[in-house]
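Before any comments, here is the structure.
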Amino acid sequence: MFWASAGCLAGGSFGAASAALAHRVFNILDAMWGKKNDRYRHFGTFAARTDDALNFIPARLILPCISFSALMVKGTSARRALTMGWAFRNAHASPNSAWSEAAFAGALGLRLGGPVSYKGIPANYPWIGTGRTKASASDLALAIRLMWTTAVTGTLAFTLLLLFIPRL
């Protein structure tokens, strides 16, 4: 949404499509080759760093958007979303991931992440948030409602931005 809006401001609908597509391409390249291995080390590092750079601003804008949206979803907490989002914003190896994860953890009163095992290999990831570690089906339903509310409020905010900026 962010890059489509920025592209629209720069070049209309063609700019919106181009910017959104470019963002998506680097996101996919990071997912496919961003992990370090000998064969794709340089290409994967380039893809991962470019994806990090493209998501730097949107990742930080999502914290207030999730917090604002939590005001409209009964059973979530906007204050906890904001405070946990800020407190745990750097609790992930990715410079951008924890902003939204921590906001959702706070809004839902959960503690997410923690130690895991991939193919029998333990990975000691940090916990994000200070709430309950056991999520329920109702937490999932709240998370889905919060996700859609955030998507709608974000879309409305960017639409208003697009309508307002050209008149400046």
Side-chain angles (χ1 to χ4, degrees), residues 1-9 16-17 19-32 34-35 48 50-118 123-165:
M1 214 172 9
F2 176 83
W3 286 109
S5 298
C8 186
L9 289 172
L21 181 62
H23 174 260
R24 190 68 191 132
V25 164
F26 280 102
N27 186 259
I28 290 169
L29 290 175
D30 177 30
M32 293 179 70
K35 304 290 184 220
T50 304
D51 185 59
D52 288 345
L54 290 172
N55 286 302
F56 186 84
I57 294 171
R60 281 134 187 90
L61 291 175
I62 199 65
L63 176 58
C65 194
I66 292 169
S67 300
F68 177 75
S69 298
L71 289 170
M72 297 174 266
V73 178
K74 186 178 179 175
T76 63
S77 170
R79 181 181 302 234
R80 278 194 325 250
L82 193 58
T83 58
M84 289 296 108
W86 186 256
F88 289 89
R89 68 191 185 279
N90 296 318
H92 199 283
S94 164
N96 301 317
S97 295
W99 289 84
S100 56
E101 284 182 47
F104 264 77
L108 299 168
L110 294 172
R111 187 167 72 151
L112 303 174
V116 296
S117 177
Y118 292 109
N124 195 21
Y125 291 111
W127 288 102
I128 297 175
T130 59
R132 298 173 283 116
T133 56
K134 299 288 183 187
S136 66
S138 63
D139 291 318
L140 180 59
L142 278 175
I144 291 169
R145 261 186 262 142
L146 181 57
M147 176 200 65
W148 281 112
T149 304
T150 302
V152 169
T153 57
T155 300
L156 289 173
F158 279 116
T159 301
L160 291 172
L161 179 71
L162 290 174
L163 292 173
F164 178 71
I165 286 184

Does a side-chain heavy-atom distance below 4.5 Å link [X] with [Y]?
X	Y	result
V73	L142	yes
R60	N96	yes
F104	M147	yes
L54	N27	no
T76	L108	yes
F88	W99	no
N55	H23	yes

*F2, CZ atom: more than 12 neighbouring heavy atoms under 6.0 Å*: yes

*Would you indicate whether I28, at its atom CD1, is surrounded by more than 12 heavy atoms from other residues, nucleotides or ligands within a distance under 6.0 Å?*
yes

*Under the salt bridge (Lys or Arg N to Asp or Glu O under 4.0 Å) rule, collect the residues that match up with D139, sequence neighbours excluded.*
R132

*Write down the atom of A91, the atom of A98, and the distance for their closest heavy-atom approach.*
N-CB, 4.0 Å

*Taking all non-hydrogen atoms of both residues into account, name the closest pair between G7 and A19 and its distance.*
CA-CB, 3.8 Å

